[in-house]
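So the structure is just underneath, and the comments pick up after that.
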Amino acid sequence: MPGLGQLMNGRPDLGRLLAAPAAVVVVIIGLLAATQSLPQLLASLLSPEAVALLLAANTVALAWRLTAVGHAFFDRRYGGAPGRGAAITLAGILVVTAAPH
């Protein structure tokens with residue numbers, strides 16, 4: 001969830017800002033599920049235009065999530081350069097973040 005790293009780093013305002021798009025998507029999905037039948041919803045999501053839009057939205061979401069991870073990791077308030085272990089951990093987090101996309 002984008003923004004959790006910022007919350008853990010003591011930046012609640014930035015954490016809420018980074019989490020807002022994900023919250024909006026959850027609300028939109030909830031509204032779609034509440035207002036359409038499952039077959040109707042699936043049929044509309046499987047149209048070529050919807051698939052292209054979902055692919056573009058997925059790409060934007062991936063960029064947003066990777067940006068949030070990078071920002072939390074490179075928070076300048078903490079002194080010193082990250083070591084090799086931290087870089088390996090960051091690479092692992094980035095892989096786990098990107099894998100669902």
Side-chain angles (χ1 to χ4, degrees):
M1 176 73 176
L4 288 179
Q6 286 72 20
L7 288 173
M8 291 181 67
N9 283 343
R11 295 183 179 226
D13 292 337
L14 186 57
R16 284 189 290 273
L17 176 68
L18 288 169
V24 169
V25 168
V26 168
V27 169
I28 290 170
I29 291 171
L31 289 173
L32 287 173
T35 59
Q36 294 185 2
S37 68
L38 183 59
Q40 183 183 20
L41 182 60
L42 289 176
S44 64
L45 289 176
L46 294 176
S47 72
E49 297 84 11
V51 171
L53 180 63
L54 290 172
L55 180 60
N58 190 34
T59 302
V60 170
L62 174 60
W64 188 261
R65 293 177 72 203
L66 294 177
T67 299
V69 168
H71 180 272
F73 183 79
F74 292 109
D75 193 336
R76 296 283 186 223
R77 293 182 310 152
Y78 301 106
R84 183 177 182 174
I88 292 170
T89 301
L90 175 62
I93 291 171
L94 291 174
V95 167
V96 168
T97 300
H101 292 272

**Report entry** Nearest atoms (heavy-atom pairs only) where L66 meets L94
**Finding:** CD2-CD2, 3.5 Å

Query raised in the report: Got L90 and F74 here, is their nearest side-chain heavy-atom distance under 4.5 Å?
Result: yes

Query raised in the report: Is it true that a side-chain atom of T59 and a backbone atom of L55 form a donor plus acceptor pair closer than 3.5 Å?
Result: yes

Query raised in the report: Are L54 and L32 in one and the same hydrophobic cluster, where Ile, Leu, Val, Met, Phe, Trp and Tyr link if side-chain heavy atoms are under 4.5 Å apart?
Result: yes

Query raised in the report: Is there a path from V24 to V60 through hydrophobic residues (I, L, V, M, F, W, Y) whose side chains come within less than 4.5 Å of each other?
Result: no

Query - Where R65 and T97 come nearest, the two heavy atoms and their spacing - result: NH1-O, 3.3 Å

Query raised in the report: Do H71 and L14 come close enough that some side-chain heavy atom pair is under 4.5 Å?
Result: yes

Query raised in the report: For Q36 and S44, which heavy atoms make the closest approach, and how far apart are they?
Result: OE1-OG, 3.9 Å

Query - W64-L17 co-clustered via ILVMFWY side chain contacts under 4.5 Å - result: yes

Requested in this report: Could you state whether L4 and L62 fall into the same hydrophobic cluster, counting links through intermediate Ile, Leu, Val, Met, Phe, Trp or Tyr residues with side-chain heavy atoms under 4.5 angstrom apart?
Outcome: no

Report task. Return the minimal non-hydrogen interatomic distance between A68 and G3, and the atom names on each side. Result -> CB-N, 4.3 Å

Query raised in the report: Are L7 and M1 grouped together when hydrophobic residues (ILVMFWY) are joined by side-chain heavy atoms under 4.5 angstrom apart?
Result: yes

